[in-house]
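Pasting a structure here, questions to come.
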Amino acid sequence: MSHEQEPALSREAFEARLRGMGGRYHIHHPFHRMMHAGKLSRAQLQGWVANRYYYQVCIPIKDAAILSNCPERDVRRHWVQRILDHDGRDGEPGGIEAWLRLGEAVGLTREEVADQRHVLPGVRFAVDAYVDFARSRPWQEAAVSSLTELFAPTIHQSRLDNWPTHYPWVEAQGYDYFRRRLREARRDVEHGLQIALDHFDTRAGQARVLQILQFKLDVLWSMLDAMLLAYCPVEIAGWGGYTAMPPADS
C-alpha cells in the first residue's frame, strides 16, 4: 500500500515518529562522541567551533528565506524571532556574537572565525544545501526542516555538563551560546512541531516530513564527516573503519 492510500497517523503517533528519529541525530556521530568524552585536542575542538560558525551565520539567512515564502502573518510573527535570536538587536547581541565569543574562549581570534578561513569545503557544501532547500521549497517544508531542534537541548546540556571537566582551558564566556539555546530551542520546537502537525495531516504529507527531517539530519551528520576526516585521521586509522549514521527505519 502506498503512502497515498494509507490512513494518516494520529497527531500523537506522528509526533512519536518524529521524536524517534533522534537516534540519528549528530550527537551520535563519532566526532561528537569524542567531543563528549573529552578526547578532542585543542586544535580539533577549535576546528569544530570554526566550522560550526558557518552554520550559525547561515541560520538567519535560512529563516529569512522561509519568511520570504510564507504568506501567513501569524507564522511570520513567530518565525522572525529566530532571526533576532541569532542576529541580535539593540541591547541584545544575539547568538552569532555568542558564537564568536565561544571562538575566543577556545583560543581562536574573532577575525579568523568571522572570516571563515577555516571552514572546510564539505561543511560549506552541506550548509549551502540546507539554505538552498529553504529558499526553494514551500515554506511549510522548509519550516519543518528545523525539527532537529527536537533533539538540540540534549546536545547543548551535554556540552554544559562535560566541557568544564574535559576542556578546562575553555574560558567561561564560551558557554553563553549553549545556555541561550537551551531556552530558545525548546520554544522554537513547539512552533515548528505545531506546523508539522497542522499542515501535514495525510500519510503522504507525514512521510514527506520524515524525509525532510532525515535530510536535515544528513546535513548535520555530513558536517561532522568533513571535520572527522580533516581533523581526526589518526583516530580513524585506529578504529580500522568509519562508523556511519545508523540506518533509517524501514
Side-chain angles (χ1 to χ4, degrees), residues 3 6 9 11-37 39-40 44 48 51-52 54-56 58-59 62 120 122-134 137 140-159 161-162 178 181-182 184-186 188-197 200 203-232 235-236 239-250:
H3 288 309
E6 294 176 1
L9 298 171
R11 291 171 70 93
E12 294 76 15
F14 183 32
E15 180 176 344
R17 285 288 302 276
L18 292 169
R19 293 186 182 276
M21 294 182 72
R24 298 192 290 280
Y25 192 47
H26 65 156
I27 197 171
H28 303 293
H29 191 281
F31 190 94
H32 196 277
R33 293 205 308 270
M34 286 192 295
M35 182 192 299
H36 178 77
K39 295 182 179 179
L40 294 186
Q44 289 167 337
W48 177 78
N51 276 274
R52 182 78 181 191
Y54 187 63
Y55 179 82
Q56 302 304 137
C58 287
I59 290 298
K62 175 268 299 183
L120 298 165
V123 170
R124 193 178 297 275
F125 186 87
V127 175
D128 288 351
Y130 181 38
V131 174
D132 183 66
F133 179 88
R137 301 304 304 164
Q140 299 95 328
E141 291 194 0
V144 299
S145 70
S146 296
L147 281 175
T148 46
E149 293 162 344
L150 284 165
F151 323 118
T154 299
I155 208 168
H156 295 313
Q157 190 64 58
S158 75
R159 294 165 188 157
D161 291 341
N162 295 298
F178 306 135
R181 289 307 297 165
L182 277 175
E184 294 166 354
R186 291 189 178 102
D188 290 346
V189 76
E190 290 180 11
H191 186 224
L193 189 58
Q194 195 69 37
I195 290 171
L197 297 176
F200 296 89
R203 191 59 180 270
Q206 292 167 344
R208 177 59 179 154
V209 175
L210 293 169
Q211 291 175 343
I212 292 167
L213 182 53
Q214 183 61 61
F215 160 73
K216 176 62 182 304
L217 290 165
D218 289 345
V219 166
L220 297 172
W221 197 273
S222 295
M223 291 169 62
L224 288 181
D225 277 351
M227 288 182 249
L228 186 74
L229 292 171
Y231 302 134
C232 306
E235 288 84 350
I236 293 174
W239 296 333
Y242 165 67
T243 302
M245 176 183 283
D249 296 334
S250 60

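Since the structure is predicted, the reported quantities are computational estimates derived from the model, not experimental observations.
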Inset, instruction - Go through the structure and list residues passing side-chain hydrogen bond (donor to acceptor under 3.5 Å, both in side chains) with Q140, not counting sequence neighbours. - result: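 Partners of Q140 under the side-chain hydrogen bond (donor to acceptor under 3.5 Å, both in side chains) test: none.
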Inset, instruction - Answer whether the closest heavy-atom distance between the side chains of Q44 and M34 falls below 4.5 Å. - result: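 Q44 vs M34: side chains apart.
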Legend entry - Distance-minimising heavy-atom pair for A196 and L147: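 Shortest heavy-atom separation between A196 and L147 comes out as CB-CD1, 3.9 Å.
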Legend entry - Residue pair L224 / H28, side-chain heavy-atom distance below 4.5 Å: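 No, every pair of side-chain atoms sits at 4.5 Å or beyond.
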Inset, instruction - Return yes if some donor-acceptor pair links the side-chain N/O of R203 with the main-chain N/O of E6 below 3.5 Å, else return no. - result: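 Not confirmed, R203 side chain does not pair with E6 backbone.
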Legend entry - Flag side-chain contact, heavy atom, 4.5 Å: D225 against H29: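 Yes, their side chains come closer than 4.5 Å.
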Inset, instruction - Flag this pair as yes if the NZ/CZ of R124 is under 6.0 angstrom from the six-membered ring centre of Y54 and inside a 45 degree cone about the axis; otherwise no. - result: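 Because its charged atom sits under 6.0 Å from the ring centre and within 45° of the axis, R124 does stack over Y54.
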Legend entry - Crowding at NE2, H36 (>12 non-hydrogen neighbours, <6.0 Å):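 Incorrect, the count does not exceed 12.
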Inset, instruction - For residues F133 and E141, report the shortest heavy-atom separation together with the two atoms involved. - result: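 Nearest heavy atoms, F133 then E141: CE2-O, 3.8 Å.
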Legend entry - Short N-O contact, K62 and D132, less than 4.0 angstrom: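 Salt bridge: no.
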Inset, instruction - May I ask you to check if R52 and Y55 form a cation-pi contact, with NZ or CZ under 6.0 angstrom from the six-membered ring centre and within 45° of the axis? - result: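 Flagged: R52 positioned over aromatic ring of Y55.
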Inset, instruction - Could you check if a side-chain atom of F178 sits within less than 4.5 angstrom of a side-chain atom of P153, using non-hydrogen atoms only? - result: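 The answer is no; the side chains never approach within 4.5 Å.
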Inset, instruction - Grab the two heavy atoms, one from L217 and one from F151, that are nearest each other, plus how far apart they are. - result: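 For L217 and F151, the tightest heavy-atom pair comes out as CD2-CE1, 4.3 Å.
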Inset, instruction - Measure from the ring center of W221 to the ring center of H26 and say whether it is less than 6.0 Å. - result: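 That pair fails the under 6.0 Å test.
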Inset, instruction - Count the heavy atoms belonging to other residues, nucleotides or ligands that lie under 6.0 Å from CZ of F215, then report whether that count exceeds 12. - result: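 Count over threshold, so yes.
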Legend entry - Close side-chain approach of I27 and R33, heavy atoms under 4.5 Å: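 Not in contact.
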Inset, instruction - Could you pull out the closest heavy-atom pair between H32 and S158, with the gap in Å? - result: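 Scanning both residues completely, I find the closest heavy atoms to be CE1-OG, 4.1 Å.
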Legend entry - R19/E15 ion pair, N-O < 4.0 Å: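 Salt bridge present between R19 and E15.
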Legend entry - Spatial distance of atom CD (E184) from atom NE2 (H156) [nearest 0.5 Å]: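 Reported to 0.5 Å precision, the distance equals 9.0 Å.
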Inset, instruction - Give, for atom CG of N51 and atom CD of Q56, the distance between the pair rounded to the nearest 0.5 Å. - result: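 The CD atom of Q56 is 11.5 Å from CG of N51, to the nearest 0.5 Å.
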